[in-house]
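The structure appears below as structure tokens.
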Amino acid sequence: MAALTAILLGKIATDKTHLPENLMYTQSFNVPDAPGGKTVPLAPSTEDPVLQAAFDTRIDADGRIEPQDWMPDAYRRTLVRQISQHAHSEIVGMLPEGNWISRAPSLKRKAILIAKVQDEGGHGLYLYSAAETLGTSRDQMLEGLHSGRAKYSSIFNYPTLTWADVGVIGWLVDGAAIMNQIPLCRCSYGPYARAMVRVCKEESFHQRQGYEALLVMMSGTDEQKAMVQDAVNRWWWKCLAMFGPPDADSPNSAQGMRWGIKRVSNDDLRQKFVDATVPQAKVLGVTLPDPDLKWNEERQHHDYGQIDWNEFWETVNGNGPCNKERLATRVKAYKDGEWVRDAALAHARKQQARNMKEAA
Ligand code: FAQ
């Protein structure tokens, strides 16, 4: 148990598991850009050539773009798309785990879960704020979500059937989210990059709490162990799909990487996630449900089996098991909160009028 605790704290590797230092938790996964990662030619631009050249120079020098800076329309649109989808994922992502707050097995677990779900709401707020700096309003973004036009992460359209699902979401879903988001801390758009620093710190804690909850269950009864294994079986492939389609089928990747918005490709992040998770599963004592999963000495990576991309696209396009329920819950929450928003606005208007009167 002492060794497990040490691993959990991310401090040491054990002889038994050969976990390299810091491999357990992914706060440290700041991946250098692949050499040649910027070889994609610039898309032909219809923008002002002088402004465009200054923008390109800044991007090539790995500089940051800030809200007041000139930027091509396509760059702005890509950021609004990605950041708003990311924000939607955070607030829809509150729902599967929120479902277990009233049924958490102890006061301690309930308090942790409430804090985690609240953190996810906070991440949504930082991200909506970052997207607003690009000139889009929160109402516009929420309208996109509520009408089904905007996407959010596929992973949140699956049900949380048992308490073990909550632990597995922390371990694997937050784990995959961190793997994807650490490189976003170096995104070329300043407000997004800065929001991600705090988000990643919190997500790392989320992952640890999920893993710790699973470790406790895996030292329990046979039923508890079976419950964890069942949850891992149901979530594993969905987590691999979270990273998005294979690079060859990813229409946005090349340009996103050229602009320094994405830093690491969908497939490379997925591979990193698999490589990091295999030793964690071993420590936990669960089997990852993939008969093709094995270490490839030549590639120095794990090989893994085929992801069901048909299922992924069905889910992304609104036909997953919980899509309708998730969207209906968000729409209802928005409607139910209308009087709070109205009251807050009325209060702000009154305060502003009072301040103006005092200043006059
Ligand atoms: N689900 O060309 P690409 C979290 C769409 S936060 C649904 O590769 P891109 C925290 C994609 O939007 C999880 N749709 O696109 C948490 C595009 O459609 P579009 C969310 C997906 O943008 C934990 C189309 O497929 N994280 O978990 C998915 O270059 C626990 C083609 O794809 C982020 O949003 C998917 N999985 O790369 C909360 C991170 N994958 O827009 C609660 C930021 C792809 O053209 C509990 N986002 N699509 O109509 C990103 O890094 C990128 O946007 C990717 C997609 C990697 C998600």
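Every heavy atom of this structure was used, including side-chain atoms; hydrogens, water molecules and symmetry mates were not. Read the numbers this way: they start at 1 and go in the same order the structure lists the ligands and their atoms. Quick caveat, the model's predicted, so the values are computed rather than measured.
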Heavy atom to [atom], shortest distance: which of [options] holds it?
atom: atom 20 (C) of ligand 1; options: Ser250, Ser89, Gly175; value: Ser89
atom: atom 30 (C) of ligand 1; options: Leu95, Asp174, Leu269; value: Asp174
atom: atom 5 (C) of ligand 1; options: Lys151, Arg263, His206, Met257; value: Lys151
atom: atom 45 (O) of ligand 1; options: Leu184, Asn252, Leu172; value: Asn252
atom: atom 57 (C) of ligand 1; options: Gln207, Glu203, Met242, Lys238; value: Met242

What I want to check is whether the side chains of [X] and [Y] have a donor and an acceptor closer together than 3.5 Å.
X: Gln280; Y: Trp171; value: yes
X: Asp275; Y: Gln271; value: yes
X: Asp247; Y: Asn266; value: no
X: Gln209; Y: Arg109; value: no
X: Asp60; Y: Thr57; value: no
X: Lys262; Y: Ser253; value: yes
X: Tyr152; Y: Asn157; value: yes
X: Glu311; Y: Trp309; value: no

Do [X] and ligand 1 have an N or O pair less than 3.5 Å apart?
X: Lys262; result: yes
X: Glu97; result: no
X: Glu120; result: no
X: Glu90; result: no
X: Gln85; result: yes
X: Pro251; result: yes

Q | Side chains of His206 and Val173 in contact at under 4.5 Å (non-hydrogen atoms) | A |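 No - every pair of side-chain heavy atoms lies 4.5 Å or more apart.
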Q: Determine whether Glu120 and Glu202 make a side-chain contact, defined as any pair of heavy atoms from C-beta on separated by less than 4.5 Å.
A: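 Heavy-atom side-chain distance check fails, nothing below 4.5 Å.
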Need the ligand 1 atom indices (1-based, order shown) with element for anything under 4.0 Å from a heavy-atom of [X].
X: Gly93; value: 42 (C), 46 (C)
X: Pro245; value: 8 (O), 31 (C), 32 (O), 44 (C)
X: Tyr192; value: 43 (C)
X: Lys116; value: 30 (C), 46 (C)
X: Asn266; value: 8 (O), 56 (C)
X: Gly244; value: 40 (N), 44 (C)
X: Phe243; value: 56 (C)

Which protein heavy atom lies closest to [atom], and at what distance to 0.1 Å?
atom: atom 27 (O) of ligand 1; value: Phe156 CZ, 3.4 Å
atom: atom 50 (C) of ligand 1; value: Gln82 NE2, 3.5 Å
atom: atom 48 (N) of ligand 1; value: Phe312 CZ, 4.2 Å
atom: atom 6 (S) of ligand 1; value: Gln181 NE2, 3.5 Å
atom: atom 25 (O) of ligand 1; value: Trp313 CH2, 3.4 Å

Side chain, backbone, both or neither: the part of [X] lying under 4.0 Å from ligand 1 by heavy atom:
X: Asn180; value: side chain
X: Arg81; value: side chain
X: Ser154; value: both
X: Tyr152; value: backbone

Q) Looking only at heavy atoms, which two atoms of Cys185 and Cys200 are closest? And how far apart? A)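 The pair with the smallest heavy-atom distance is SG-SG, 3.8 Å.
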Q: Provide the closest heavy-atom pair for His86 versus Gln181 in the form atom of the first, atom of the second, distance.
A: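 Looks like NE2-NE2, 2.9 Å.
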Q.
Can you classify the ring geometry of Tyr126 versus His123 as parallel (below 30°), tilted (30 to 60°) or perpendicular (above 60°)?
A.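 Geometry flag for His123 against Tyr126: tilted rings.
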Q) Does even one non-hydrogen atom of His123 get within less than 4.0 Å of ligand 1? A)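 False for this residue.
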Q) Is the closest heavy atom of Ile155 to ligand 1 under 4.0 Å? A)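 No heavy atom of Ile155 comes that close to ligand 1.
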**Q.** Tyr128: partners by ring-ring contact (aromatic ring centres under 6.0 Å, His included), with sequence neighbours left out
**A.**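 Per chain and number, Tyr128 pairs via ring-ring contact (aromatic ring centres under 6.0 Å, His included) with His88.
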Q. Does the pair Asp56/Arg258 count as a salt bridge with the N-to-O cut at 4.0 Å?
A.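 No.
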Below 3.5 Å, can you tabulate the donor-acceptor pairs from side chains in residues 70-77 to any protein atom, sequence neighbours excluded?
{"from": "Tyr75", "atom 1": "OH", "to": "Ser188", "atom 2": "OG", "distance (Å)": "2.8"}
{"from": "Tyr75", "atom 1": "OH", "to": "Tyr189", "atom 2": "N", "distance (Å)": "3.4"}
{"from": "Arg76", "atom 1": "NH1", "to": "Leu134", "atom 2": "O", "distance (Å)": "3.2"}

Q.
Could you tell me if Arg270 sits above the aromatic ring of Tyr304, with its cationic atom closer than 6.0 Å to the ring centre and no more than 45 degrees from the axis?
A.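 Negative - Arg270 is either too far from the ring of Tyr304 or too far off its axis.
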Q.
Would you say atom 54 (C) of ligand 1 makes contact with the protein, given that contact here means a non-hydrogen protein atom less than 4.0 Å away?
A.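 Flag for atom 54 (C) of ligand 1 set to false, no protein heavy atom closer than 4.0 Å.
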